[in-house]
> 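Handing you this structure, nothing more for now.
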Amino acid sequence: MKQLFAFIRKEFFHVFRDKRTLLILFGIPIVEIILFGFALSSEVKNIGIAVLDNAQDVHSKQIIAKVQSNSRFQLKDAALNYKDFEEKFKSGEIVCGILIPAKFGSDLYKTDGAKIQVIVDNSALNTATSATNYLNTIIKNYQQELNPNVQPYYQIIPEIRQLYNEEQNGSLNFIPGVIAFIFMIVSTALASVSVVREKEMGTMEILLVSPFRPLMVLMAKAIPYLVLSLVDLIIMLLLSVYLLDVEIKGSLLLLFAESTLFIITCLSLGLLISNITNSQQIAMLISMMGMMLPTVILSGFVFPLENMPKILQWFSYLIPSKYYYTIMKGVMLKGLGFSYVWKETLILVGMATVLLFFALKNFKIRLQ
């Protein structure tokens with residue numbers, strides 16, 4: 001164990017001696033989280049929506065039919081009660097809901113009008129804003145269709161309730177995705193050159209005669225980057241809270257545990273790349289450029305996966321950052337517990353195990 005600590009300390013010294021590594025490790029995350037947090041925006045469609053129809057009359061059914069026929073929405077199974085509404089929001093099945101009161105039809109003809117409650121998940125601010133605008137348009141058009149010739153004396157008044165992001169903080173939706181993006185790129189890139197560097201520097205022979213088992217060598221390579229990546233996480237969370245006004249609603253312990261798991265997954269991928277390449281340039285190219293586009297496009301934090309062709313949606317299941325983004329969004333912004341993210345956690349555990357297995361297997365081959 002003393003030898004393992006000595007090897008880990010040696011790797012720490014190597015990291016702190018290399019200014020380029022420190023720039024990648026600390027400079028890129030700080031710059032990107034500030035730029036993405038202030039500047040990034042996007043438009044969405046295919047918004048998941050559910051309806052709790054307490055009226056069950058002709059008018060409520062007509063409004064539901066119009067929502068269903070609108071290409072901007074994907075109508076999910078109807079909510080049974082308000083608690084069912086909340087569960088659908090927490091699970092991420094919907095980002096918008098409509099609650100139609102029991103006396104909706106009769107209230108249409110009263111002077112103060114009928115009211116519909118529109119509930120939106122404001123952790124995705126752009127989606128929530130778009131959904132609200134689209135629903136307002138649908139309701140206004142339906143109201144006009146009821147009496148197209150004259151101005152009706154009744155009116156439908158949507159009441160908007162925004163969940164998870166009442167302050168309408170525009171950067172809130174992107175911070176979890178940016179953190180996932182940074183770890184996927186930075187941690188993978190740094191780990192991808194750790195083993196192949198030994199070959200280029202001619203020190204692979206030292207590993208061949210060392211008393212360490214291959215697993216211990218890979219652990220010693222990965223642990224410094226794991227520790228420094230967690231320091232990165234602390235810096236990014238501090239910037240998010242104090243610079244971008246992001247409130248962390250969930251458990252910090254769960255947040256750090258899930259982040260540690262994701263970093264281990266990224267490091268395992270980097271070690272695998274490092275063991276199957278023969279130069280640092282190729283390893284860096286694969287880890288940074290090869291991972292950048294899939295992470296940005298297929299993780300779901302910039303472009304909604306629901307808008308993409310099925311083949312790309314299927315391919316997104318192979319991207320670890322997709323699951324980490326879902327976890328971070330749920331824990332940070334919605335305050336969800338482990339019971340809501342355990343599926344994504346198990347998938348990340350499986351990915352980390354498989355990647356580490358193949359990295360270890362290829363490392364043993366390289367040592368032979």
> How about Ser251 and Phe338: do any of their side-chain heavy atoms sit closer than 4.5 Å?
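Contact flag for Ser251/Phe338 side chains = no.
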> Check whether any side-chain heavy atom of Ile100 sits under 4.5 Å from a side-chain heavy atom of Ile98, and report yes or no.
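The answer is yes; the side chains approach within 4.5 Å.
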> Atom CG in Leu218, atom OG in Ser274: separation rounded to 0.5 Å?
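Interatomic distance, Leu218 CG to Ser274 OG, rounded to 0.5 Å: 9.0 Å.
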> Can you tell me if Phe358 has over 12 outside heavy atoms packed within less than 6.0 Å of its CZ?
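Not more than 12 within 6.0 Å, no.
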> So which atom in Met184 and which in Thr188 form the shortest heavy-atom distance, rounded to 0.1 Å?
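For Met184 and Thr188, the tightest heavy-atom pair comes out as O-OG1, 2.6 Å.
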> Same hydrophobic cluster for Val296 and Val186, using side-chain heavy-atom links shorter than 4.5 Å among ILVMFWY?
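Result: yes, single cluster for both.
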> Does the salt bridge (Lys or Arg N to Asp or Glu O under 4.0 Å) test come out yes or no for Glu93 and Lys88, once each step is laid out?
CA-CA 5 Å; Glu93 182 180 352; Lys88 288 179 182 294; 3.6 Å; yes
> Side chain of Lys334, backbone of Phe89: donor and acceptor closer than 3.5 Å?
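Yes, the answer is positive, given that a donor and an acceptor are paired below the 3.5 Å cut-off.
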> Quick one: pull up CD1 in Ile182 and SG in Cys266 and give me the separation to the nearest 0.5 Å.
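Spacing of CD1 (Ile182) from SG (Cys266) equals 11.5 Å.
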> Which value, rounded to the nearest 0.5 Å, describes the distance between Thr137 atom OG1 and Asn70 atom CG?
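So the gap between those two atoms works out to 9.0 Å.
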> Are the side chains of Ile47 and Gln74 in contact, using a 4.5 Å heavy-atom criterion?
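No, every pair of side-chain atoms sits at 4.5 Å or beyond.
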> Please determine if Asp53 and Lys61 form a salt bridge, counting it only when a charged side-chain N lies under 4.0 Å from a carboxylate O.
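So Asp53 does not pair with Lys61 through a salt bridge.
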> Indicate yes or no: at least one non-hydrogen side-chain atom of Ser192 is less than 4.5 angstrom from one of Thr277.
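With C-beta onward as the side chain, the pair stays apart.
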> Would you confirm whether Ser316, through its side chain, and Gln313, through its main-chain N or O, come within 3.5 Å as a donor-acceptor pair?
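Checking the backbone N and O of Gln313 against the side chain of Ser316, a donor-acceptor pair under 3.5 Å is found.
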> Going hydrophobic residue to hydrophobic residue with side-chain gaps under 4.5 angstrom, can you get from Leu255 over to Tyr242?
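Yes, it is one cluster - the side chains of Leu255 and Tyr242 are joined through contacts under 4.5 Å.
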> A side-chain contact here means heavy atoms from C-beta on lying under 4.5 Å apart; do Val120 and Val95 qualify?
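Val120 does not reach Val95 side chain to side chain.
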> Same cluster or not: are Leu267 and Leu318 linked, directly or through other Ile, Leu, Val, Met, Phe, Trp or Tyr residues, by side-chain heavy atoms under 4.5 angstrom apart?
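Hydrophobic grouping puts Leu267 with Leu318.
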> Starting at NZ of Lys322, measure out to OG1 of Thr326 and round the result to the nearest 0.5 Å.
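Spacing of NZ (Lys322) from OG1 (Thr326) equals 5.5 Å.
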> Rounded to the nearest 0.5 Å, how far apart are CG of Leu336 and CG of Leu254?
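One gets 9.5 Å once the value is rounded to the nearest 0.5 Å.
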> Say whether Ile273 and Leu356 are linked into one hydrophobic cluster, either directly or through other cluster members, by side-chain heavy-atom distances under 4.5 angstrom.
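No: no chain of side-chain contacts under 4.5 Å links Ile273 to Leu356.
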> Does CD1 in Ile311 sit with more than 12 non-hydrogen atoms of other residues, nucleotides or ligands closer than 6.0 Å?
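Open: at most 12 neighbouring heavy atoms sit under 6.0 Å from CD1 of Ile311.
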> Please check if any side-chain donor atom of Ser229 sits under 3.5 Å from a side-chain acceptor atom of Ser187, or the reverse.
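Checked: Ser229/Ser187 side chains pair up, N/O donor to acceptor below 3.5 Å.
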> Could you tell me which non-hydrogen atom of Leu348 sits nearest to which non-hydrogen atom of Pro320, and how far apart they are?
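So the two residues come closest at CD2-O, 3.7 Å.
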> Closest heavy-atom contact between Ala352 and Ile264?
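Here Ala352 and Ile264 meet closest at CB-CG2, 4.4 Å.
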> Give the ring-plane orientation class for Phe73 versus Tyr134, where under 30° counts as parallel, over 60° as perpendicular and anything between as tilted.
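It falls in the perpendicular class, over 60°.
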> Give a yes or no answer on whether the side chain of Tyr323 reaches the backbone of Tyr317 with a donor-acceptor pair at less than 3.5 Å.
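Here the side-chain-to-backbone pair exists.
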> List the atom of Asp84, the atom of Ala78, and the distance in Å for their closest heavy-atom pair.
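Shortest heavy-atom separation between Asp84 and Ala78 comes out as OD2-O, 4.1 Å.
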> Looking at every heavy atom in both Leu305 and Leu298, which two are closest together, and how far apart are they?
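Of all heavy-atom pairs spanning Leu305 and Leu298, the closest is CD2-O, 3.5 Å.
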> Could you tell me if the side chain of Ile116 sits less than 4.5 Å from the side chain of Ile63, heavy atoms only?
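Yes - at least one pair of side-chain heavy atoms lies under 4.5 Å apart.
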> Give a yes-or-no answer on whether the side chains of Ser60 and Asp57 include a donor-acceptor pair shorter than 3.5 Å.
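Yes, because at least one side-chain N or O of Ser60 sits under 3.5 Å from a partner of the opposite role on Asp57.
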> Does Leu238, at its CG atom, have more than 12 non-hydrogen atoms belonging to other residues, nucleotides or ligands within less than 6.0 Å?
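Correct, the count exceeds 12.
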> So do Ile248 and Val241 actually touch side chain to side chain, heavy atoms under 4.5 Å?
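They are in side-chain contact.
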> What verdict does the side-chain contact (heavy atoms from CB on, under 4.5 Å) test give for Ile94 and Asp121, after you've listed the backbone C-alpha separation in whole Å, the side-chain angles of each residue and the deciding distance to 0.1 Å?
CA-CA 8 Å; Ile94 63 173; Asp121 177 355; over 6 Å; no
> Measuring only between side-chain heavy atoms, which start at C-beta, is Leu333 closer than 4.5 Å to Pro176?
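Yes. Closest side-chain heavy atoms under 4.5 Å.
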> Give the intermediate values and the outcome of side-chain contact (heavy atoms from CB on, under 4.5 Å) for residues Met351 and Leu269.
CA-CA 9 Å; Met351 286 185 170; Leu269 177 60; over 6 Å; no
> Dump the intermediate steps for side-chain contact (heavy atoms from CB on, under 4.5 Å) on Thr265 and Phe183, then the final yes or no.
CA-CA 10 Å; Thr265 305; Phe183 284 146; over 6 Å; no
> Step by step, would you call Met236 with Val178 a side-chain contact (heavy atoms from CB on, under 4.5 Å)?
CA-CA 10 Å; Met236 289 187 288; Val178 172; 5.7 Å; no
> Starting from the C-alpha separation in whole Å, work towards a yes-or-no answer on side-chain hydrogen bond (donor to acceptor under 3.5 Å, both in side chains) for Ser299 and Tyr324.
CA-CA 9 Å; Ser299 64; Tyr324 181 65; over 6 Å; no
> Please check if Trp314 and Val354 belong to a single hydrophobic cluster, counting links between Ile, Leu, Val, Met, Phe, Trp and Tyr side chain heavy atoms closer than 4.5 Å.
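They do share one cluster, since a chain of ILVMFWY contacts under 4.5 Å joins Trp314 to Val354.
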> State the CG-CE distance between Leu252 and Met332, to the nearest 0.5 angstrom.
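That separation rounds to 9.5 Å.
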> Which pair of non-hydrogen atoms, one from Lys66 and one from Ile138, has the smallest distance, and what is that distance?
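For Lys66 versus Ile138, the nearest heavy atoms are CB-CG2, 3.9 Å.
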